[in-house]
Amino acid sequence: MQATSAKAVLGSPAHLPDAQKRREARFAPVALPNLAWTPEVARETAHLYEKVKAIIPPIEWPFHAPYVKAINELKKQRNAVILAHNYQTPEIYNCVADVVGDSLQLARIAEQSEADVIVQGGVHFMAETSKILSPDKTVLIPDSQAGCSLAASITGEDVRALKRKYPGVPVVAYVNTSADVKAEVDICCTSSNAVKIVESLGVDTVIMVPDRFLAANVARQTKVKIIAWHGACEVHERFTPEELLGYREAEPGIELIAHPECPPEVVDVCDFSGSTAAMIDYVKTRRPKKVLLVTECSMADNVAAETPGVDFIRPCNLCPHMKRITLPKILDSLVYMREEVVIDPALAARARRSVERMIAVK
Ligand code: SF4
């Protein structure tokens with residue numbers, strides 16, 4: 001009799017190790033939200049519709065609003081933060097996200113937050129980067145099939161083969177890579193700090209993976225010899241100088257701003273090139289009359305919502321991976337706590353070293 005009661009007491013929450021108790025609390029079942037469009041939903045989401053009314057027609061809002069309300073309530077209940085990359089759709093970026101930015105900005109801010117749960121509005125490598133920097137938080141990706149042509153172009157084994165081929169040559173990895181690749185390289189870089197990172201190594205040759213266009217754009221700004229991998233972003237590689245020159249002719253006074261994942265000949269015909277954060281900063285501070293962001297097309301929608309008076313010309317190159325993330329899938333993530341991103345802790349620690357080395361470069 002005593003043994004039975006002792007067993008029951010040992011299995012009770014009070015005797016579970018803290019980490020397990022916290023995990024059980026995080027994953028506790030919740031009631032399914034009501035997703036009807038009602039006057040109450042209209043009233044409670046009206047302030048959010050104000051932010052997106054220039055880009056989301058009124059007829060579409062009743063489809064988004066019940067999800068927006070349910071997600072915003074549930075993330076409080078779960079103590080969750082939603083991170084939204086600049087390429088997420090406007091209803092995600094403006095109406096449910098707690099943090100917006102590029103992939104590294106998101107992961108670094110999430111690392112400092114008190115949240116238990118991170119929901120990644122972005123693609124899989126971004127969710128991995130969040131997990132690498134926040135190993136104690138539960139990181140969820142609403143669709144684990146949200147990939148990236150750059151991240152998919154190289155594996156950890158490919159990096160090991162490169163190191164065998166070029167012994168002693170340091171390897172720099174763009175953050176658009178898997179945890180497996182980050183664990184094998186010497187240091188990471190972003191599109192905004194790539195030149196500085198390459199030069200910080202104090203050598204005359206580096207290997208740079210996986211984006212051949214970012215590598216080519218960096219090579220033009222440094223004396224360091226760059227050995228590049230063959231990856232490319234399937235969105236940015238589609239832009240051509242001819243197409244952009246056509247816009248210049250058709251839209252006098254237009255300013256063209258390119259992401260450095262574009263081919264160098266595209267960057268050459270533009271007025272400015274920089275990371276998504278630098279592009280947004282350019283538009284917000286310089287307020288061009290007319291601008292074309294040579295990048296994924298949702299970013300223009302998101303920046304347009306914050307910069308009235310700027311005329312955005314929008315060729316639309318969508319990232320199909322980013323568009324896998326939707327409001328219904330974010331809600332599903334929060335209700336069922338899926339899909340959880342799990343990385344082997346030893347591999348995550350090695351990957352984290354590469355990211356931290358980059359952060360340490362001033
Ligand atoms: S836009 Fe390009 S780099 Fe970004 S996630 Fe899509 S494929 Fe990857």
Side-chain angles (χ1 to χ4, degrees), residues 83-90 92-93 97 100-107 119-132 139 141-155 158 172-182 188-194 208-218 228-240 257-264 266-267 273-280 292-303 314-326 329-330 339 341 355:
L83 313 183
H85 187 267
N86 296 319
Y87 298 163
Q88 291 288 283
T89 51
I92 294 175
Y93 186 92
V100 297
D102 64 30
S103 60
L104 192 70
Q105 283 173 325
L106 295 177
V119 180
Q120 192 80 37
V123 297
H124 196 266
F125 79 80
M126 297 177 183
E128 282 195 336
T129 308
S130 295
K131 184 68 184 173
I132 289 166
V139 177
I141 176 130
D143 186 332
S144 62
Q145 299 300 307
C148 167
S149 63
L150 277 174
S153 72
I154 189 163
T155 64
D158 291 327
V172 178
Y174 189 26
V175 285
N176 294 34
T177 44
S178 64
D180 195 30
V181 166
K182 288 186 177 80
C188 287
C189 74
T190 66
S191 53
S192 54
N193 65 17
M208 202 171 163
V209 299
D211 187 346
R212 66 179 187 275
F213 294 131
L214 179 64
N217 285 318
V218 169
W229 187 247
H230 53 66
C233 163
E234 67 189 79
V235 173
H236 293 97
E237 72 176 343
R238 292 208 297 268
F239 291 103
T240 64
I257 308 179
H259 192 280
E261 287 169 19
C262 293
V266 167
V267 172
S273 171
S275 64
T276 52
M279 293 169 88
I280 292 171
L292 190 158
L293 303 183
V294 190
T295 188
E296 211 270 354
C297 56
S298 283
M299 195 165 105
D301 289 339
N302 293 328
V303 187
R314 306 177 201 201
C316 202
N317 282 358
L318 275 176
C319 172
H321 312 290
M322 287 281 179
K323 297 313 175 258
R324 281 180 168 273
I325 309 299
T326 60
K329 287 184 189 168
I330 292 175
E339 302 180 29
V341 176
V355 177

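The figures here come from the full heavy-atom set of this structure, side chains too, leaving out hydrogens, waters and symmetry mates. Order of appearance sets the numbers: ligands from 1, and atoms from 1 within every ligand.
Given atom 4 (Fe) of ligand 1, the protein heavy atom at minimum distance is Y87 CE1, 4.0 Å.
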Show the numbers, then the answer: is there a side-chain contact (heavy atoms from CB on, under 4.5 Å) between S103 and T129?
-> CA-CA 8 Å; S103 60; T129 308; 5.9 Å; no
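Taking the side chain as every heavy atom from C-beta outward, P320 and E234 approach each other to under 4.5 Å.
Rounded to the nearest 0.5 Å, atoms OG1 (T276) and CG (N86) are 4.0 Å apart.
Legend: residues meeting ring pair (Phe, Tyr, Trp, His ring centres under 6.0 Å) with F213, ordered by chain and number and at least two apart, are absent. With sequence neighbours left out, H124 forms a ring pair (Phe, Tyr, Trp, His ring centres under 6.0 Å) with no residue at all.
Around atom 2 (Fe) of ligand 1, protein N, O or S atoms at less than 2.8 Å comprise C233 SG.
Counting only residues at least two apart or in different chains, salt bridge (charged side-chain N to carboxylate O under 4.0 Å, His left out) contacts with residues 209-218 comprise R212-E237.
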